Visitor: 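Dropping the structure in here first, questions after.
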Amino acid sequence: MHTEINPPSAGFAWQSSCCKNRPLSLTPTLAGGQAFRWRKDKDGIWWGTAGRHIFAFWKPEDNARSNLYWQTWPELNRREVVEDYLQLNVDTEALLEEWSRAAPDCAETLHRYEGARVLRQHPLECFTAFQCATCNTVMKIERSVEHLARGYGEIAEAAGRKFYLFPTLDVLAQMDEGYLRAGLWGYRAPRVIALAQYMRMKPFNWLELLRKLPYTEAKRELQKLNGIGPKVADCICLFALDKPEAVPVDTHVRKIAGRLFGEKYTLGSLTENKYNEIALLFHEKFGQYAGWAQQALFLAERERAAAGRLQ
DNA sequence: GCTTAACCTGGACGC
DNA sequence: GCGTCCAGGTTAAGC
């Protein structure tokens with residue numbers, strides 16, 4: 001019989017949500033390379049922001065189905081905001097069964113990462129952060145995005161702690177290139193500022209409006225922007241624009257495709273045709289939520305690559 | 001339509 | 001300590 005462990009006392013009242021049928025693991029979800037500003041404190045509490053909301057999350061480690069404990073600021077007890085951000089409405093249990101039938105070879109891996117959920121992020125932060133992802137490492141992306149937020153984000157407070165909200169488009173458009181370069185943005189610095197300036201000429205809330213378009217149209221719109229290629233566009237579609245069918249094909253996903261669909265997908269340059277072919281094969285195998293399956297397989301592949309480097 | 005080089009830079013690794 | 005390579009890509013030029 002399982003005994004629930006109580007969350008640490010942190011100076012505020014926790015709320016809880018049941019994850020029995022909606023598995024959730026905080027580490028692979030919050031530190032799995034889809035969002036870059038979540039931090040875990042010494043008590044194991046994850047702190048982060050999304051839009052104007054500040055969140056605290058806590059769960060017993062290694063138990064995807066135990067209750068999630070949470071709180072929100074500045075308005076307390078915003079259950080619907082938490083469930084929206086973590087997409088707790090998505091029945092991953094049913095998806096796991098479907099994927100396991102379609103890809104028995106991947107079933108063990110998919111079950112191991114059953115708690116790795118895809119977040120529903122604030123579009124502008126996701127859009128900006130992934131511009132930093134080109135030819136970079138997760139650790140450096142985290143530092144870069146944090147540097148940007150600390151330099152230009154509005155300060156907010158929750159439970160006696162200080163947070164930096166992600167800047168607005170108007171603020172991003174006026175950032176200093178030198179400041180960004182000092183924060184590891186490198187050659188991406190002028191591009192991210194220029195893109196913010198260009199985006200200001202688009203209709204108000206243009207990024208949010210892409211949520212209403214079909215996946216292929218939203219992706220096409222993003223790829224019209226200088227600096228946004230197919231991979232970054234797919235990341236934004238999957239992690240912020242409600243497009244669970246988007247499959248970002250990076251070096252890790254390419255290796256997975258090599259094993260699932262044939263070695264030819266790992267050979268030579270990743271041309272746009274090859275990219276689209278891999279994404280289509282994932283879609284055919286894993287269905288409408290192929291991006292969610294991809295995220296679990298990606299985490300396993302990344303872990304495998306890291307273990308290989310340590311040997 | 002494919003390949004290649006350039007773009008920044010911290011960290012890991014070998015020597 | 002130093003040199004080299006790699007890392008969640010994109011773009012433009014050359015073939």
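Computation of the quantities below employed the complete heavy-atom set of this structure, encompassing side-chain atoms and omitting hydrogens, waters and symmetry-equivalent molecules. Each chain gets a letter, A, B and so on, in the order its sequence line appears, and its residues count up from 1. Every value quoted in this text rests on a predicted model; they were computed, and no experiment measured them.
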Visitor: Nearest whole Å is fine: how far is dG9(C) P from Tyr275(A) OH?
Guide: 10 Å
Visitor: How many Å lie between NZ on Lys224(A) and C1' on dT11(C), as a whole number?
Guide: 19 Å
Visitor: Is the shortest side-chain N to carboxylate O distance from Lys264(A) to Glu277(A) below 4.0 Å?
Guide: yes
Visitor: Decide yes or no on side-chain contact (heavy atoms from CB on, under 4.5 Å) for Trp73(A) and Phe55(A), but give the supporting numbers first.
Guide: CA-CA 7 Å; Trp73(A) 291 268; Phe55(A) 298 108; over 6 Å; no
Visitor: For dC8(B), which nucleotide in any strand shown is its Watson-Crick or wobble partner with both distances under 3.5 Å?
Guide: none
Visitor: Closer to the 5' end of DNA chain B via nearest nucleotide, is it Arg143(A) or Cys135(A)?
Guide: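 Going by which nucleotide is closer to the 5' end, it is Cys135(A).
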Visitor: Just how far, in rounded Å, is P of dG11(B) from CE of Met139(A)?
Guide: 5 Å
Visitor: Using a strict cut-off of less than 4.0 Å between a Lys/Arg side-chain nitrogen and an Asp/Glu carboxylate oxygen, indicate whether Glu208(A) and Arg211(A) qualify as a salt bridge.
Guide: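 Arg211(A) and Glu208(A): not salt-bridged.
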Visitor: Answer yes when Arg191(A) and Glu177(A) have at least one side-chain N-carboxylate O distance shorter than 4.0 Å, and no when they do not.
Guide: no
Visitor: Does OP1 or OP2 of dC2(B) have a side-chain N or O of Asn273(A) closer than 4.0 Å?
Guide: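 Checking dC2(B) against Asn273(A), a side-chain N or O does come within under 4.0 Å of OP1 or OP2.
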Visitor: Any side-chain N or O of Asn136(A) under 4.0 Å from OP1/OP2 of dT9(B)?
Guide: no
Visitor: Which whole-number value in Å describes the distance from Lys231(A) NZ to dA7(C) P?
Guide: 13 Å
Visitor: How would you label the contact of Gly32(A) with the nucleic acid (heavy atoms, under 4.0 Å): base, sugar-phosphate, or nothing?
Guide: base
Visitor: Over how many whole Å does the gap from Arg302(A) atom CZ to dC6(C) atom P extend?
Guide: 19 Å
Visitor: I'd like the P distance from dT10(C) over to dG10(B), given in whole Å.
Guide: 23 Å
Visitor: Given dT11(C), dT3(B), dG9(C), which nucleotide is nearest the side-chain atoms of Thr134(A)?
Guide: dG9(C)
Visitor: Using only side-chain N and O atoms of Ser269(A), determine if any of them is under 4.0 Å from OP1 or OP2 of dC2(B).
Guide: no
Visitor: Can you tell me how far P of dT9(B) sits from CZ of Arg188(A), to the nearest Å?
Guide: 9 Å
Visitor: Report the residue (Cys235(A) or Gln223(A)) whose heavy-atom-nearest nucleotide on DNA chain C is the more 5′ of the two.
Guide: Cys235(A)
Visitor: Report the residue (Leu225(A) or Pro248(A)) whose heavy-atom-nearest nucleotide on DNA chain C is the more 5′ of the two.
Guide: Pro248(A)
Visitor: What is the separation between atom CG on Asn276(A) and atom C1' on dG9(C), rounded to the nearest whole Å?
Guide: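 From Asn276(A) CG to dG9(C) C1': 15 Å.
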Visitor: If you measure from the P atom in dC8(B) to the same atom in dC2(C), how many Å do you get, rounded?
Guide: 24 Å
Visitor: Please classify the nucleic acid contact of Val232(A) as base, sugar-phosphate, or nothing, using heavy-atom distances under 4.0 Å.
Guide: sugar-phosphate
Visitor: Return the minimal non-hydrogen interatomic distance between Ala56(A) and Trp14(A), and the atom names on each side.
Guide: O-CZ3, 3.8 Å
Visitor: Applying a 4.0 Å non-hydrogen cut-off, can you work out what Leu270(A) is touching in the nucleic acid: base, sugar-phosphate, or nothing?
Guide: nothing
Visitor: Measure CG/Asp234(A) against C1'/dT10(C) and give the value in whole Å, please.
Guide: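 Atom CG in Asp234(A) sits about 14 Å away from atom C1' in dT10(C).
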Visitor: Out of dT10(C), dA7(C), dC7(B), which has the shortest distance to the side chain of Lys140(A)?
Guide: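 Given the options dT10(C), dA7(C), dC7(B), the side chain of Lys140(A) is closest to dA7(C).
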Visitor: Got a donor-acceptor contact below 3.5 angstrom from the Gln223(A) side chain to the Ala233(A) backbone?
Guide: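 Here the side-chain-to-backbone pair does not exist.
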